[in-house]
Amino acid sequence: MRAGYELFMIQVGREPADWKPMPVVGSGAAEIRVRDETGAFRVIYVAGFADAVYVLHAFQKRSQKTTRADIMLAAQRYRDIKAAVEKD
């Protein structure tokens, strides 16, 4: 539920409470960091295409470092969305 609120904040032009840029995924990509009693969760998104917020990947963190597989999946989705937006 917290992640949804943080995405809403981005939609209305504000910054999420806890985030960091993810340039390795793509230009303008960022990661929302959410922690609660069930664990740590991440939402990688980009808000710079066509006045929309695109969620590239959401997952529960299982280790200190974000896995290469999670980063590569988000990066591929970033490229796919960028290509689709540029095509339209």
Side-chain angles (χ1 to χ4, degrees):
M1 184 138 134
R2 181 71 188 181
Y5 175 77
E6 298 298 345
L7 287 168
F8 170 74
M9 296 305 288
I10 296 162
Q11 288 176 316
V12 297
R14 297 183 59 194
E15 287 187 358
D18 188 6
W19 69 280
K20 72 174 187 173
M22 295 289 290
V24 67
V25 170
S27 177
E31 177 183 71
I32 297 171
R33 299 180 287 199
V34 176
R35 179 175 288 282
D36 66 16
E37 61 279 350
T38 62
F41 301 87
R42 301 294 186 262
V43 177
I44 301 174
Y45 71 93
V46 63
F49 299 138
D51 295 325
V53 176
Y54 293 93
V55 174
L56 304 172
H57 188 37
F59 55 97
Q60 184 171 6
K61 289 274 291 209
R62 306 256 182 229
S63 64
Q64 184 77 12
K65 188 174 179 183
T66 302
T67 68
R68 180 158 175 74
D70 287 320
I71 291 171
M72 296 312 294
L73 178 59
Q76 181 60 55
R77 290 176 177 168
Y78 177 97
R79 290 189 297 273
D80 293 346
I81 291 168
K82 185 176 180 183
V85 168
E86 289 174 351
K87 183 176 148 185
D88 289 339

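For clarity, every value in this text was computed on a predicted model and none was experimentally measured. Position 1 is the first residue of the sequence, and the numbers go up from there.
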Next on the checklist: Please check if the number of heavy atoms outside Asp36 that lie under 6.0 Å from its CG is greater than 12.
Outcome noted: yes
Checklist entry - Can you tell me how far the CD atom of Glu15 sits from the CD atom of Glu6, to the nearest 0.5 Å? => result 10.5 Å
Item to check | Any donor-acceptor N/O pair, Lys82 side chain to Val85 backbone, under 3.5 Å | outcome: no
Which pairs of donor and acceptor atoms, one on a side chain in residues 20-33, lie under 3.5 Å apart (sequence neighbours left out)?
unit_1, atom_1, unit_2, atom_2, d
Arg33, NE, Asp18, OD1, 3.0
Arg33, NH2, Asp18, OD1, 2.9
Arg33, NH2, Trp19, O, 3.2

Checklist entry - Honestly curious: do Tyr5 and Val12 fall in one hydrophobic cluster under the side-chain, below-4.5 Å linking rule? => result yes
Checklist entry - What pair of heavy atoms forms the shortest contact from Arg2 to Ala17, and how long is it? => result NH2-CB, 3.6 Å
Checklist entry - Of all heavy-atom pairs between Ala47 and Ile10, which one has the smallest distance, and what is that distance? => result CB-CG2, 3.9 Å
Item to check | Minimum heavy-atom distance Gln60-Ala40, with the two atoms named | outcome: CG-O, 3.2 Å
Item to check | CZ on Arg77 to CZ on Arg79, rounded to 0.5 Å | outcome: 12.0 Å
Item to check | Single-linkage hydrophobic cluster Tyr78~Ile44, side-chain heavy atoms < 4.5 angstrom | outcome: yes
Next on the checklist: Tell me whether Leu7 shares a hydrophobic cluster with Leu56, the cluster being built from Ile, Leu, Val, Met, Phe, Trp, Tyr side chains joined at under 4.5 Å.
Outcome noted: no
Next on the checklist: Using 0.5 Å steps for rounding, measure from the CD atom of Gln76 to the CD1 atom of Ile81.
Outcome noted: 10.5 Å
Next on the checklist: Rounded at 0.5 Å granularity, tell me how far CZ in Phe59 sits from OG1 in Thr67.
Outcome noted: 6.5 Å
Checklist entry - Is any side-chain heavy atom of Val34 less than 4.5 Å from a side-chain heavy atom of Val43? => result no
